Engineer: 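My questions will all concern the structure given below.
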Number of protein chains: 2
Amino acid sequence: MRKIEQKHAEGESIMGLERIDFIREQLKSKKVVYVNQLAEKLFVSPSTIRRDLGHLEKEGLVRRFYGGAKLMEHPSNEIPFFTRKEENLAAKEIIAELAADLVADNQVISLDATTTAATLPRFLHNKENLKIITTSAQIALDCLDLLLPARIFCTGGWLSATSRGFTGETTRMRIAEYYTDLAFFSARAFSWENGITDVNEEDVCLKQEMIRRTRKAVFLCDHTKFDQISYRLVCGAAELDCLVTDRRPSDEWLKRLESAGVEVIFPE
Amino acid sequence: MRKIEQKHAEGESIMGLERIDFIREQLKSKKVVYVNQLAEKLFVSPSTIRRDLGHLEKEGLVRRFYGGAKLMEHPSNEIPFFTRKEENLAAKEIIAELAADLVADNQVISLDATTTAATLPRFLHNKENLKIITTSAQIALDCLDLLLPARIFCTGGWLSATSRGFTGETTRMRIAEYYTDLAFFSARAFSWENGITDVNEEDVCLKQEMIRRTRKAVFLCDHTKFDQISYRLVCGAAELDCLVTDRRPSDEWLKRLESAGVEVIFPE
DNA sequence: CGTCAAATGCGCAAAATCGAGCAGAAACAC
DNA sequence: GTGTTTCTGCTCGATTTTGCGCATTTGACG
């Protein structure tokens, strides 16, 4: 007990995991950390800090440079699923509620492995006899826990930690086996010139397959995603049938989307 | 020894369950606990704390690390499945721990959608480069949350509420695509005359496919299942390669299993 | 291009922690 | 009472983490 208090008095001579967590926080707020600074602050030797940063580098969280390390700007795909789910939660819920109105009884719908799509099932309680096709293990189990009156088909495949969904050739083939009334999907960015883009090559292929195999492709797109560009093309605006968002888009966007024949749904 | 008496004088030398409850509270509020910190706070030896944390790890509540333990964020996925999981929990853990010893690095193993099989992944932390093939959505996501160093393949298919796993023809075909080193499965009942039996027609077909496509079929069978009969045959005893149970079977059973060429694994 | 202080990676030894096994104490069953 | 089980603390060899020395690399400065 005394020992611990003493340590606290001296500052935190933290150990192992907790120290690395501290470094993570520093990185989050400051983007850059320096070996000496951390060593001093944490009362450990620079060697230890170097080792820690080495671990974080292996994880892909930072890039080392001479004297310290810099936070790697992560595509949001690599932020843990449950953190991502909290981001813009209000927006996702607004979108999900509006999107749910598109669904009618007895339909077959598909959902991709995104946090936005994962918000949708909560609003499907009053639909009867749905079939839900999804690439997301998380969404599949969520539907069970919600006691949805629906049949759930999950593609299977290799499980991805970041999306908590499945990827790979098997997954794509499974999607291709179903033609759906509605396909709900999201992505990281939407710009007029570059269309819908996202970071993960494999996930993009799955979205494309979903879009190809549906009567009505519905893009769930919160306001933060407009006029952004990621790098891998999902599809152009013209290939959409419908876009659901949480705020009224600008007049310019509305005009563009209308001219492209995209039905736009937003609150009020 | 003096130390202990002193401790008694100072107050809380908490014992057993009460101590573990305290650790639970600490975990809830702080997310991370340290062996030494707890030992001092609770006036017991570090050994005891290690044992306690070991128990909590088996329960799946924490993940141990050098010097302490961290609360496992088990963010959703619960309840109806969980109640069944509590039954014979101790037996399942004993079986899982023994079964895990059968697994070697770099192997491909399959797990069916049973609660007994679901206990296994917790004991696979020290194996490297595993591939896990499962029909269970629950197990797949559990493996993620455990941060297992393994690739997870999930068959997909139509989701069953009772097993939280997949069934159907698609599922069977997916299993058939992989040949595994080990197949771990469980079932309702095991009798000498009628072999392994279970209730659900569809699930039985999947188990059979798993058994057909493996080098070593391992039946996870707690003591309550011996000399029981359900109705749908999975396979006869002779088709097993190995049986793992939580208590020494009767001499008669041991003799039978030996004569059938089944390796029998039980504690001690 | 050369110099030099600072930072780095590597190996090693000290320290801390771990798990397994053993033995004593307390609780319990009979 | 006797035997059994459970819990706890301790010992010991093994593992992990940490700090330091040392040769090497880096990058700023002249």
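Fair warning: this is a prediction, and the values are worked out from it, not measured in the lab. Note on naming: letters A, B, ... go to the chains in the order of the sequence lines (proteins, then strands), and numbering restarts at 1 for each one.
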Engineer: Take atom CG of A:Leu38 and atom P of C:dT8, then tell me their distance rounded to the nearest Å.
Structural biologist: 11 Å
Engineer: Can you name the atoms? Protein N/O to nucleotides 26-30 of chain D N/O, anything below 3.5 Å, with the distance.
Structural biologist:
| residue | atom | partner | partner atom | Å |
| --- | --- | --- | --- | --- |
| D:dT26 | O2 | A:Tyr66 | OH | 3.2 |

Engineer: In whole Å, I'd like the distance from the CZ atom of A:Phe43 to the P atom of D:dG19.
Structural biologist: 13 Å
Engineer: Using atom CG of A:Leu53 as one end and atom P of D:dT18 as the other, report the distance to the nearest whole Å.
Structural biologist: 13 Å
Engineer: Got a donor-acceptor contact below 3.5 angstrom from the B:Asp181 side chain to the B:Gln107 backbone?
Structural biologist: no
Engineer: Are B:Lys30 and B:Leu71 packed together at the side-chain level, in the sense that at least one heavy-atom pair is separated by less than 4.5 angstrom?
Structural biologist: no
Engineer: Does A:Arg19 have a side-chain nitrogen or oxygen under 4.0 Å from the phosphate oxygens OP1 or OP2 of D:dT18?
Structural biologist: yes
Engineer: Nearest whole angstrom, please: distance from the C1' of C:dG9 to the CD1 of A:Ile49.
Structural biologist: 16 Å
Engineer: Applying salt bridge (Lys or Arg N to Asp or Glu O under 4.0 Å) as the test, list every pair that has at least one member in residues 61-71 of chain A; sequence neighbours left out.
Structural biologist: none
Engineer: Decide yes or no for B:Asp145 and A:Arg164: does some side-chain heavy atom of the first lie under 4.5 Å from some side-chain heavy atom of the second?
Structural biologist: yes
Engineer: Let me confirm one number: the CZ-CD distance from A:Phe82 to A:Glu86, rounded to the nearest 0.5 Å.
Structural biologist: 9.5 Å
Engineer: Hey, which of these two, B:Arg51 or A:Val35, hits DNA chain C nearer its 5' end, going by closest nucleotide?
Structural biologist: A:Val35
Engineer: Over 60° means perpendicular and under 30° means parallel, so tell me whether B:Phe153 and B:Tyr178 are parallel, tilted or perpendicular.
Structural biologist: tilted
Engineer: Using 0.5 Å steps for rounding, measure from the CD1 atom of B:Ile175 to the CD1 atom of B:Ile133.
Structural biologist: 10.0 Å
Engineer: For the CG atom of B:Leu102 and the CD atom of B:Glu263, what is their distance to the nearest 0.5 Å?
Structural biologist: 6.5 Å
Engineer: Work out how much the helix from C:dC1-D:dG30 to C:dC30-D:dG1 bends between its end axes, five pairs an end, to the nearest 10 degrees.
Structural biologist: 30°
Engineer: Has B:Asn36 got a side-chain N or O lying under 4.0 Å from the OP1 or OP2 atom of C:dA16?
Structural biologist: no
Engineer: Do B:Ile109 and B:Lys131 have side chains that get closer than 4.5 Å, going by heavy atoms?
Structural biologist: no
Engineer: So, is A:Arg50 close to the D:dT18 phosphate, meaning a side-chain N or O under 4.0 Å from OP1 or OP2?
Structural biologist: no
Engineer: Give the rounded distance in Å between these two atoms: CD of A:Gln37 and P of C:dA6.
Structural biologist: 17 Å
Engineer: In this structure, how many angstroms lie between the P atom of C:dG19 and the NZ atom of B:Lys58, rounded?
Structural biologist: 12 Å
Engineer: What nucleic acid atoms does B:Thr48 come within less than 4.0 Å of, heavy atoms only: base, sugar-phosphate, or nothing?
Structural biologist: sugar-phosphate
Engineer: Parallel, tilted or perpendicular: which describes the rings of B:Tyr34 and B:Phe65, with under 30° parallel and over 60° perpendicular?
Structural biologist: perpendicular
Engineer: With heavy atoms under 4.0 Å as the rule, sort A:Tyr34 into base, sugar-phosphate or nothing.
Structural biologist: nothing
Engineer: How close or far is atom P of C:dG19 from atom CG of B:Asp52, stated in whole angstroms?
Structural biologist: 13 Å
Engineer: Given atom CZ of B:Phe65 and atom P of C:dA16, what is their separation to the nearest angstrom?
Structural biologist: 17 Å
Engineer: Is B:Ser47 side chain donor-acceptor paired with the D:dC10 base, going by distance under 3.5 Å alone?
Structural biologist: yes
